[in-house]
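To start, the structure itself, in structure tokens.
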Amino acid sequence: MRLNPLLTQLSTYPTVALDEKKRQVRATGRTLYDFGVGDPIEPTPPHIREAMLAAIPEVSQYPTVQGPRALREAIAAYMARRFGVTLDPATQILPTSGSKEAVFHLPLAFIDPAAPDRTVVFPDPGYPAYSRGALFAGAETHCQRLEGDFLQRPWEIPEDVLRRTRMLWINSPHNPTGAVMSLAHLAQIHALCRRHDILLVADECYADVYDDAPPPSLLQVSDEGVLVIHSCSKRSGMTGYRSGFVAGDPRAVAAYRTLRVNPGVAPTDMTNAAAAAAWADDAHADARRALLRRKKAVFLDLFQELGLELVGSEATFYLWVRAPEGHDEQSYALALLEHGIVVSPGTFFGVSDAGAGYVRVAMVPPLEACREAAAIWRTVHREVT
Ligand SMILES: Cc1ncc(COP(=O)(O)O)c(C=O)c1O
């Protein structure tokens, strides 16, 4: 059988590799403290679950691509409350089946696979779906390597690459590092993209998961040539619902709506009802943020005591930690894993080896388990350094 060669060329999805290693350690009977995969375990708030149940209809028909007006109004109201931006629910918002699906499908609407200028730029390390969606859409890809403070500075991309670029991904707050771009930084990227006629797409799915200062949205700069992506997954504990949205420039939203008529990936109306309840409420997101901050505090204290260096980490529920002297990301992660603590080696998130020397710690286990794991971590660290 002939296959799309991309299926075999793309390496195993990073979480699959992590799962295999975890299985081996679990087989030894050890308790696993899983700070690897970024899938939170806090319950979905009851009013969101009830909204979904109440929306199960007697007769179920196809959902529309644009989704119910009530959901788009709830999203517009959220964007106004949270970022002070005004969006037209009729022309500037589209619900999606989570943000991953949107990340994957977007290049299909904006990339001409036959054109010489079909490059898609994305951060490296970064969320793997940026490159995968671009490749399946027939784009050329350019990964922008992040270092130091791990903030993406697209003005450092070579001029000839920028001339061929049609789409540029940014991700703030950033997975895996938790680094946040300021409004001035976003404005500088936007100005660059306008000069080169590049569609600027900001993945803002961690916008409500932060420590102190609420991260800004690119839409506070402008909606011209801009799309932003948001998600119920991390804000509301809804990874299993598959619900997010794309918003921004009405011309880009219209093009994306045209594309989305084709694959049949519109969220169900039950999901849309749950999402409307989620976007209409901030209290549950505030409570989740407070809990995640308490989990982070456990590790911030530990890392300070052990002299481990953190970069970024001011938002998301990830901590981006430099492996200690004498270790790389693999050897440090392996030492922890042998004692039941699962963290992700930074190279899991890179197309290149960007992320080398760091591990990502996702605040997934319950608070008490975080405290237990921190005690084990302290012992392991002292043994191996
Ligand atoms: C940066 C980033 N974007 C998008 C996603 C996809 O999230 P979802 O599809 O659950 O909205 C994730 C998930 O971890 C992520 O880290």
Side-chain angles (χ1 to χ4, degrees), residues 13-16 18-19 34-42 44 48 71 75 78 94-107 120-134 143-144 146 150-152 167-181 201-210 215 217-218 227-247 260 263 265-268 271-272 274-275 278-279 285 288 292 312-313 315-320 344 346 348-351 354-355 360-364:
Y13 212 73
T15 59
V16 176
L18 185 69
D19 286 345
D34 196 342
F35 299 91
V37 181
D39 196 349
I41 52 153
E42 283 74 33
T44 309
I48 297 175
L71 169 59
I75 291 170
Y78 160 76
L94 276 184
T96 61
S97 292
S99 55
K100 180 176 190 178
E101 176 265 301
V103 168
F104 185 82
H105 284 124
L106 262 168
V120 175
V121 173
F122 48 85
D124 184 28
Y127 187 57
Y130 306 132
S131 64
R132 288 166 186 237
C143 57
Q144 188 174 18
L146 311 182
F150 288 88
L151 283 177
Q152 193 178 349
M167 254 182 100
L168 192 144
W169 283 104
I170 57 175
N171 175 213
S172 173
H174 178 236
N175 177 12
T177 68
V180 176
M181 292 177 186
V201 193
D203 179 348
E204 300 181 343
C205 74
Y206 293 99
D208 276 353
V209 186
Y210 54 86
S217 169
L218 175 62
L227 290 174
V228 301
I229 300 187
H230 285 250
S231 172
C232 291
S233 287
K234 312 292 161 81
R235 177 179 187 269
S236 303
M238 293 172 65
T239 50
Y241 286 62
R242 313 313 302 128
S243 180
F245 68 86
V246 167
R260 290 180 68 80
V265 288
T268 69
T271 308
N272 287 331
W279 294 117
R288 292 175 70 77
L292 291 170
S313 306
T316 73
F317 60 115
Y318 306 122
L319 293 172
W320 186 243
S344 303
F348 274 17
F349 308 98
V351 171
R360 190 194 77 172
V361 191
M363 296 298 111
V364 173

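Order of appearance sets the numbers: ligands from 1, and atoms from 1 within every ligand.
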Problem set entry | Atom of H174, atom of F150 and distance for their closest heavy-atom approach |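 Looks like ND1-O, 4.2 Å.
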The criterion is side chain to side chain contact (heavy atoms under 4.5 Å, CB included); which residues satisfy it with [X], sequence neighbours excluded?
X    : value
A266 : P63
C232 : M238, S243, A275, A278, W279
R242 : S97, K100, S233

Problem set entry | Stepwise side chain to side chain contact (heavy atoms under 4.5 Å, CB included) check, Q152 with L168 | CA-CA 11 Å; Q152 193 178 349; L168 192 144; 4.1 Å; yes
Exercise. Distance from F348 atom CZ to R360 atom CZ, nearest 0.5 Å?
Worked result: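 Result: 10.0 Å between the selected atoms.
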Which N/O atoms of ligand 1 sit under 3.5 Å from a protein N/O, and at what distances?
{"from": "ligand 1", "atom 1": "3 (N)", "to": "D203", "atom 2": "OD2", "distance (Å)": "2.5"}
{"from": "ligand 1", "atom 1": "7 (O)", "to": "S99", "atom 2": "OG", "distance (Å)": "3.1"}
{"from": "ligand 1", "atom 1": "9 (O)", "to": "S99", "atom 2": "N", "distance (Å)": "3.1"}
{"from": "ligand 1", "atom 1": "9 (O)", "to": "K100", "atom 2": "N", "distance (Å)": "2.8"}
{"from": "ligand 1", "atom 1": "9 (O)", "to": "R242", "atom 2": "NH2", "distance (Å)": "2.6"}
{"from": "ligand 1", "atom 1": "10 (O)", "to": "S233", "atom 2": "OG", "distance (Å)": "2.6"}
{"from": "ligand 1", "atom 1": "10 (O)", "to": "R242", "atom 2": "NH1", "distance (Å)": "3.1"}
{"from": "ligand 1", "atom 1": "11 (O)", "to": "S99", "atom 2": "N", "distance (Å)": "2.8"}
{"from": "ligand 1", "atom 1": "11 (O)", "to": "S99", "atom 2": "OG", "distance (Å)": "2.6"}
{"from": "ligand 1", "atom 1": "11 (O)", "to": "S231", "atom 2": "OG", "distance (Å)": "2.6"}
{"from": "ligand 1", "atom 1": "11 (O)", "to": "S233", "atom 2": "OG", "distance (Å)": "3.4"}
{"from": "ligand 1", "atom 1": "14 (O)", "to": "Y206", "atom 2": "OH", "distance (Å)": "3.2"}
{"from": "ligand 1", "atom 1": "14 (O)", "to": "K234", "atom 2": "NZ", "distance (Å)": "2.7"}
{"from": "ligand 1", "atom 1": "16 (O)", "to": "N175", "atom 2": "ND2", "distance (Å)": "2.7"}
{"from": "ligand 1", "atom 1": "16 (O)", "to": "Y206", "atom 2": "OH", "distance (Å)": "2.7"}

